[in-house]
Peer 1: 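I am attaching a structure below and will ask some questions about it afterwards.
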Amino acid sequence: MKNGDIIRLHQTQTMEGIITHHFTSDDALLDTVEDLEAFPARLGEIVGPEDEYIRLPPVTYTEELSVTGRAIHFTGSTDEAGGCFDAARGTASNSRYVNNLFRSNGTAVLLVQVPSDVSLEFSGTRFQDNGIDIDNRCGHALELDEAVFE
């Protein structure tokens, strides 16, 4: 090429919609971890492999939960218990808790034990009207630069 030569580039984008399915405790029994594990296993009979959103009822799960093979987004309730992470062992499949909303909880996020050294990222997450936003009892590394505290 020489100075003054012109190169013309173009780009074509194709957009495809993604179907999502939202489920609540009105759609399935979700009161125990066993119920919660059984429901995603049944999703293959109900819907395709698209993302599913499950709104959890206002209960505290104390047992270990394991869901594999599907992309599922769990949404918690706004009860007094807040969100508790207490796992001495296991592997983290994701350390990014982005674009969440924790609103009107006694304690929004309680970190007792985290089974990984990777810092937890809360970018785009909003903490609103909680008694305590993050109770980091185990002193785990957190990335809060892009979190919003209201």
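These values consider heavy atoms only, across backbone and side chains, with no hydrogens, waters or symmetry-generated copies.
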Peer 1: Decide whether L142 and F149 are clustered together by the hydrophobic rule: side chain heavy atoms of Ile, Leu, Val, Met, Phe, Trp, Tyr closer than 4.5 Å, transitively.
Peer 2: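 Per the 4.5 Å side-chain linkage, L142 and F149 are co-clustered.
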Peer 1: H140 and S119: which non-hydrogen atoms are nearest, and at how many Å?
Peer 2: NE2-CA, 4.2 Å
Peer 1: By side-chain contact (heavy atoms from CB on, under 4.5 Å), which residues pair with D35, not counting sequence neighbours?
Peer 2: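 Expected list: L29, D31, T32.
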Peer 1: How many angstroms lie between atom CG of D133 and atom CZ of R126, to the nearest 0.5 angstrom?
Peer 2: 12.0 Å
Peer 1: Could you measure the distance from the CD1 atom of I132 to the CG atom of N130? Nearest 0.5 Å is fine.
Peer 2: 9.5 Å
Peer 1: Does a side-chain heavy-atom distance below 4.5 Å link H10 with R8?
Peer 2: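 No. Closest side-chain heavy atoms not under 4.5 Å.
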Peer 1: Taking all non-hydrogen atoms of both residues, which atom of C138 and which atom of V114 are closest, and how far apart?
Peer 2: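 Looking at all heavy atoms of both residues, the closest pair is SG-CG2, 4.0 Å.
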Peer 1: For D27, enumerate each residue passing the salt bridge (charged side-chain N to carboxylate O under 4.0 Å, His left out) test, keeping only those at least two apart in sequence or located in another chain.
Peer 2: none
Peer 1: Once you measure the plane-to-plane angle for F122 and F127, does it fall in the parallel (<30°), tilted (30-60°) or perpendicular (>60°) bin?
Peer 2: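 Tilted, since the angle between the ring planes falls between 30° and 60°.
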Peer 1: From L120 CG over to I134 CD1, what is the distance, rounded to the nearest 0.5 angstrom?
Peer 2: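 The CD1 atom of I134 is 9.0 Å from CG of L120, to the nearest 0.5 Å.
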Peer 1: Would you say that L111 contacts R137 through its side chain, given a criterion of any heavy-atom pair below 4.5 Å between the two side chains?
Peer 2: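 No - every pair of side-chain heavy atoms lies 4.5 Å or more apart.
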Peer 1: So do T125 and F102 actually touch side chain to side chain, heavy atoms under 4.5 Å?
Peer 2: yes
